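Each chain gets a letter, A, B and so on, in the order its sequence line appears, and its residues count up from 1. Excluded from the calculations below are hydrogen atoms, water molecules and symmetry mates; all remaining heavy atoms, backbone and side chain alike, are included. As the structure is a prediction and not an experimental result, all values here were calculated from the model.
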Amino acid sequence: MSLNFFDLLGQLPGALSQGLIWGILAIGVFITYEILNIADLTVDGSFCLGGAVCVVLILNGFSVEISLLFAFFAGLTAGLITGIFHTLCGISAILAGILTQLGLWSVNLAIMGRANQSINVNNFRLLVSLRYLQEVQNGDLPFYWSPILVISIFCVAIIALLYWFFGTQLGCSIRATGANINMARAQGINTNYNKILGLMISNAMVALSGGLLSQYQGFADINMGRGAIVIGLAAVIVGEVIFGRIFRNFALRLFGVVTGAVIYYTVIQTVLWMKLNPNYLKLLTALIVVLFLAFPHLKAKIASISVYRKGASARA
Amino acid sequence: MLEIRNITKVFNKNTVNEKTALKKLSLSLEDGEFITVIGGNGSGKSTMLNAIAGVFPVDEGRVVIDGVDVTRLPEHKRAAYIGRVFQDPMMGTAAKMGIEENLALAFRRGQRRSLAWGITKSEREHYCNVLEDLGLGLEQRLTSKVGLLSGGQRQALTLLMATLKKPKLLLLDEHTAALDPKTAAKVLEITESLIKRDKLSTLMVTHNMKDAIALGSRLIMLYDGRIVIDLKGEEKENLTVEKLLKMFGSISGSDEADDKLLLS
């Protein structure tokens, strides 16, 4: 069992383009987790929803752009449903997300008609595809077909748009809703409306990401969203831990989150290259997220223990 | 300006913990009147303020602000008329947002929030000016996160936010109780000057009898969900803590309540 370093290098462009696609999902997770202060589990369902809608529409002769647009709207709707469950029906945010996610499982199966649908890259001009990545690398296609370039443009455009939106009066009121709900209400902000809006935008990003991934890998699968929320969280947390101290600006923080997703995927490629059984990937992801989430808590605890010890020794 | 008619609020209705916090309470507040509200723990002071602000619906009665019946309006809609400062300094501001962002949110209280940019240049100048009036040096730190400010600074900022867009009614819920005496005095001073400058109709709940007597044009005391003392004009001006306690003792019919009130 020998490890060929050039194999790893060869896989990096793939990791980069996948990481960037998941970066869009991570931006969606950032909106709920960091801005709205809600752990929204709709993500697993809406990611697959985006993929399913996109692939099925392309198969039915719609253009890639229109298909992605519909994936986006499907995500908006998924967020709307979770938002209504949470605000109007008074269901806790986590449970509301789980319920939508569960329901979406059936919806996604209904959209695809079966557990997976594939699109042949030979028959369609897709926006991004693993094949294009390889062909650009081989010199068979011009550079602007490269998924890395296309998705980077997507990311930059999304970051710019969200930077603008969250700087507007409406965007500020969404941020206030997540930052301090009592204050938001006292300042006349309709917090329910803002939560719904935030959930919609978040899930639209997630579905868009799902639509791009299904094109990239050439199929949509009912299981493609499984654990997506955890991957998104991993990207958000990695991004915030690494860049949190440097990046204060909102746009840069979003950039940090996308970079977090890329780092996450590079790490995954590396452990796969080290011949880790892929079955353990989700376990590894869960452990990474636990580690990063527990870190600040444990650090404070350890610090308080050492203070206590010092006090005890001073008394003795 | 404000009229409360026979409001009743029952918490935990039909359970063993049922508590009637407000009992057919009525109060009317003239335009520009500044009422201080005192009362022991559980007398219904905060409940009254929250009922006015719409934090929860009342079981009976009506709340009318400036001729508009707001009884059925949700909290965020009533906010168009009401400026509020809470006891907890953390509650009135968003820690993760900048000073100017917090002010900008308050500046649009009661207005539709559009897709226009959150803070304009002229607004920023305006915020700078009003912060300067506070005299805390916050105008130098417009973009600082509010989480970095002290409790007193945050409370002063909350006051500013509550009055930035002139409210028809200002509700102060023990807003100096969580501060150290010196900071509390400073915040109270700012409170008084803002109320005087804008002639704000105000309800200020306080635990401090001296403050209650020294400030405002009218004083009410709540006991068991009712207004038991209501003084204004000369009566209010000649009031002392001793007199107030004696009055309260004769109304509640026990001396024990005095200690409770003092200690609370």
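Here the closest heavy-atom approach between residue A186(A) and residue A79(B) is recorded as O-CB, 3.4 Å.
For A95(B), no part lies near chain A; criterion is any non-hydrogen pair under 4.5 Å. With a 4.5 Å cut-off on non-hydrogen atoms, M91(B) touches chain A through its backbone and its side chain both. Of the atoms belonging to F86(B), it is side-chain heavy atoms, and not backbone ones, that fall under 4.5 Å from chain A. Neither the backbone nor the side chain of F166(A) comes within contact range of chain B; no heavy atoms are under 4.5 Å apart. Proximity to chain A (any heavy atom under 4.5 Å) is shown, for M161(B), by both the backbone and the side chain. Residue A80(B) does not touch chain A at all, counting heavy-atom pairs closer than 4.5 Å.
Counting heavy atoms of neighbouring residues, nucleotides and ligands inside a 6.0 Å radius, atom CZ of F11(B) exceeds 12 of them. A 6.0 Å sphere centred on CZ of F250(A) holds more than 12 heavy atoms belonging to other residues, nucleotides or ligands.
Contact count versus chain A (heavy atoms, under 4.5 Å) is highest, among I119(B), I82(B), L115(B), for L115(B).
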Show me, pair by pair, the donor and acceptor atoms from chain A and chain B that are under 3.5 Å apart.
from: E34(A); atom 1: O; to: K96(B); atom 2: NZ; distance (Å): 2.9
from: G167(A); atom 1: O; to: G118(B); atom 2: N; distance (Å): 2.7
from: Q169(A); atom 1: N; to: A116(B); atom 2: O; distance (Å): 2.9
from: Q169(A); atom 1: OE1; to: S114(B); atom 2: N; distance (Å): 3.0
from: Q169(A); atom 1: OE1; to: S114(B); atom 2: OG; distance (Å): 3.1
from: L170(A); atom 1: N; to: S114(B); atom 2: O; distance (Å): 3.0
from: R175(A); atom 1: NH1; to: E101(B); atom 2: OE2; distance (Å): 3.2
from: R175(A); atom 1: NH2; to: E101(B); atom 2: OE1; distance (Å): 3.1
from: R175(A); atom 1: NH2; to: E101(B); atom 2: OE2; distance (Å): 2.5
from: N180(A); atom 1: ND2; to: M90(B); atom 2: O; distance (Å): 3.0
from: N180(A); atom 1: ND2; to: M91(B); atom 2: O; distance (Å): 2.9
from: N180(A); atom 1: ND2; to: T93(B); atom 2: O; distance (Å): 2.7
from: Q187(A); atom 1: O; to: R113(B); atom 2: NH2; distance (Å): 2.6
from: Q187(A); atom 1: OE1; to: R109(B); atom 2: NE; distance (Å): 3.4
from: N190(A); atom 1: ND2; to: H76(B); atom 2: NE2; distance (Å): 3.4

